[in-house]
Q: 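To start, I am sharing the structure in question, which I have written as structure tokens.
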Amino acid sequence: MDNLNQIIKACQKRKASAQKQLYTAFAAKMFAVCMLYCKDKTEAEDCLQEGFIKVFTNIDKFNFKGSFEGWVRRIMVNTVIEVYRKKQPETLVDEFPVLADDSDCDIVDSSFSHDELMTMIQELPPKYKLVFNMYVLEGYSHAEISETCGISIGTSKSNLARARQWLQRSVNNKLLEKKQAVC
Amino acid sequence: MLGKKKDIDAVFKTGLSGYEIAPEPYVWEALESGLAQQKAQRRTLIMWRSLAAACAIILLLVSFGMFFKVSEPTVLEQQRFSMADEPGESASSGLIIDDKVVNAKSNQPVSISENDGDKLAEQVIVQQMPKQEPNAILHEEEVGQVESVQLLAGKSEIAFNNDFNLAPELKIKRQNNYYPLFASAYEAPETSQKKRTLSIGGVVTPAYNSKVSSSSPAVRSASNSVTESGISSLGGGIQLRINTKSRWSFETGVLYAQVGQEVAGNKQSRSYDESLMNAQKSTSIEVVNSMGAVVPNNGRDNSLFYADGPGFIESTSFATVDNIKQTLDYIEIPMMARYSILNQFPYISISGGISSNFLVNNAAYALTDGSKEKIGETSDIKPFVLSSSIGVGVDVPLSKVIRLSLEPRLKYFINSVSANENYSFHPYSFGVYGGITFVIQ
């Protein structure tokens with residue numbers, strides 16, 4: 001922790017070597033965050049680069065009171081949302097009725113690999129993926145999502161419900177594939 | 001059964017916690033290059049800000065300096081030289097030198113009082129005159145020896161103290177970034193869409209004023225001996241700006257502005273003429289130039305004029321003060337439109353519009369040896385005129401809500417300031433509008 005603080009302080013003094021150390025420490029985690037939101041690797045790399053530029057530009061404002069990783073993660077998520085909104089502003093504003101819960105398969109445990117989970121999330125339609133990631137993985141409230149993404153709270157809730165249904169179906173299908181493979 | 005929503009949430013939240021994907025090495029290389037570029041921009045930014053701050057400080061100091069220099073009138077009590085009621089008497093007994101008078105030959109300060117018949121006597125402080133000049137004082141007993149009569153023009157006895165005790169260190173707080181995108185409690189990034197905002201600010205305007213003028217042949221003939229030149233002035237006030245969602249913004253406000261001119265070569269010698277003497281008494285002698293006729297204030301004698309010659313003897317002549325400054329002070333209500341031609345630092349915009357100008361002061365001053373004394377006003381000045389302005393502005397953001405602004409602006413009066421059809425006097429001025437603007441909404 002002390003080492004991280006020293007790196008942060010050196011970054012606040014704009015030292016290039018410290019910037020590289022900080023990047024090395026957080027790049028992999030943050031790239032995974034970007035991959036969760038972006039449609040492909042190239043877009044995720046662009047977001048990662050832009051997010052780190054914001055981190056280094058604004059690192060003076062970090063006051064060592066909270067988790068640095070959380071602070072960086074928020075910047076990444078906001079960068080991704082910003083890019084997402086610029087590219088697909090229309091995809092967040094439509095609303096559909098929530099489908100009936102048609103799940104009919106048991107999940108004994110969540111024995112899925114990172115890659116399997118990541119693939120399932122990436123297969124979500126963008127409007128569902130964004131709300132699901134923000135609500136479930138980042139811990140935003142519907143009010144915060146509404147404000148950040150410029151959608152209504154109702155849209156946020158309905159998108160989350162449909163994302164859950166979508167993922168639930170994906171999980172069940174994956175489990176079914178696994179069972180068939182075992183048999 | 002995955003019947004509960006929380007279960008599917010937990011599957012992904014737990015499953016993806018700590019998940020890492022190593023980015024390709026070229027991402028860091030691109031990032032490094034972006035940071036280097038940003039560093040270069042940052043240096044440029046710091047240089048611009050420092051330059052702007054230095055300009056603003058210099059502007060303020062110059063403005064304060066000018067303000068104290070132009071707004072402090074000379075305090076002099078001057079004896080108004082009153083000729084005797086009868087021209088014939090004026091030469092022999094119109095004036096009495098009181099006890100305080102010292103003969104000019106001794107070059108001592110003197111006081112002149114008027115005779116008992118004139119109740120308008122005032123005290124006078126007369127400057128010590130140079131030895132070379134023939135400063136003869138009219139005295140009953142020395143009438144035959146006096147070769148000239150002269151009202152002694154005042155000279156300022158107030159030394160302007162330019163050693164303003166300004167704050168020893170005028171520090172400009174310089175922020176590293178224009179807009180704090182990420183506070184410690186991280187806030188959502190702003191959208192790129194421009195919002196409608198309202199900003200208010202104070203401006204200080206040092207300006208140079210000149211004019212475009214023409215006048216009737218008669219006026220030209222009367223004023224052809226004078227030399228006219230522009231003046232410097234200091235204005236300022238409050239401005240309100242409405243920034244629309246587009247590149248356009250609109251401004252209004254309340255500003256104080258001064259225009260005018262300096263006129264040299266007013267001194268005129270004329271042969272003694274009784275009618276002239278009477279004319280002087282009745283304040284009908286005027287100093288004429290392209291702006292209009294300078295007339296003494298109401299209830300005031302001709303302090304514009306003084307006798308300069310052998311007095312009552314044979315050919316008394318009259319002359320006016322040599323240098324005169326005419327000023328017109330206006331309260332200006334501008335209606336300006338502004339178009340932003342550069343929406344990023346250094347935020348350059350062009351502006352143009354019309355202003356309503358309400359006359360609040362009209363004055364003429366005699367300028368003598370660096371001091372000035374109010375002697376009257378310019379006649380026939382319109383109480384309201386319109387002016388047009390164009391400018392190029394540069395804004396330097398100090399924070400999200402505070403901006404330094406600097407705008408060279410050219411202002412031209414559409415209407416002649418004179419209501420007299422013999423005079424066409426259109427002032428124009430080139431000023432630098434500098435100040436601070438706050439975004440209030």
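Every value quoted in this text rests on a predicted model; they were computed, and no experiment measured them. First the proteins, then the strands, lettered A, B, ... as listed; each starts at 1.
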Q: What part of A/Asp46 gets closer than 4.5 Å to chain B, counting heavy atoms only: side chain, backbone, both or neither?
A: neither
Q: Under a 4.0 Å threshold between the charged nitrogen and the carboxylate oxygen, would B/Glu24 count as salt-bridged to A/Lys41?
A: yes
Q: Are the side chains of B/Ile21 and A/Met118 in contact, using a 4.5 Å heavy-atom criterion?
A: yes
Q: For A/Leu36, is it the side chain, the backbone, both or neither that has a heavy atom under 4.5 Å from a heavy atom of chain B?
A: side chain
Q: Search all heavy atoms of A/Ala27 against all heavy atoms of B/Pro23 and return the closest pair with its distance.
A: CB-CG, 3.8 Å
Q: Go through the steps to decide whether B/Val11 and A/Leu167 satisfy the test side chain to side chain contact (heavy atoms under 4.5 Å, CB included), and finish with yes or no.
A: CA-CA 10 Å; B/Val11 168; A/Leu167 289 173; over 6 Å; no
Q: Between A/Trp166 and B/Ile8, is there a side-chain heavy-atom distance shorter than 4.5 Å?
A: no
Q: At what distance, to the nearest 0.5 angstrom, does CD1 of A/Ile53 lie from CD of B/Gln37?
A: 8.5 Å
Q: Is chain B contacted by the side chain of A/Leu48, its backbone, both, or neither, given a heavy-atom distance below 4.5 Å?
A: side chain
Q: Does some side-chain heavy atom of B/Tyr19 sit less than 4.5 Å from a side-chain heavy atom of A/Met35?
A: no
Q: Which one, B/Leu35, B/Val27, B/Leu31, leads in non-hydrogen pairs under 4.5 Å with chain A?
A: B/Leu31
Q: What part of A/Phe56 gets closer than 4.5 Å to chain B, counting heavy atoms only: side chain, backbone, both or neither?
A: side chain
Q: What's the shortest heavy-atom distance between A/Ala32 and B/Glu20, and which atoms?
A: CB-CA, 4.0 Å
Q: Which heavy-atom pair separates B/Asp9 from A/Arg164 by the least distance, and what is that distance?
A: OD2-NH2, 2.6 Å
Q: Please check if the number of heavy atoms outside B/Ile238 that lie under 6.0 Å from its CD1 is greater than 12.
A: no
Q: What is the ring orientation for B/Trp28 with A/Tyr23, classed by angle as parallel under 30°, tilted 30 to 60°, or perpendicular over 60°?
A: tilted
Q: Kindly compute the distance separating NZ (A/Lys29) from OG (B/Ser17), expressed to the nearest 0.5 Å.
A: 10.5 Å
Q: Give a yes or no on whether the ring-centroid distance for A/Phe132 and B/Phe12 is below 6.0 angstrom.
A: yes
Q: In terms of heavy-atom pairs under 4.5 Å, which option from A/Gln19, A/Glu116, A/Glu50 contacts chain B the most?
A: A/Gln19
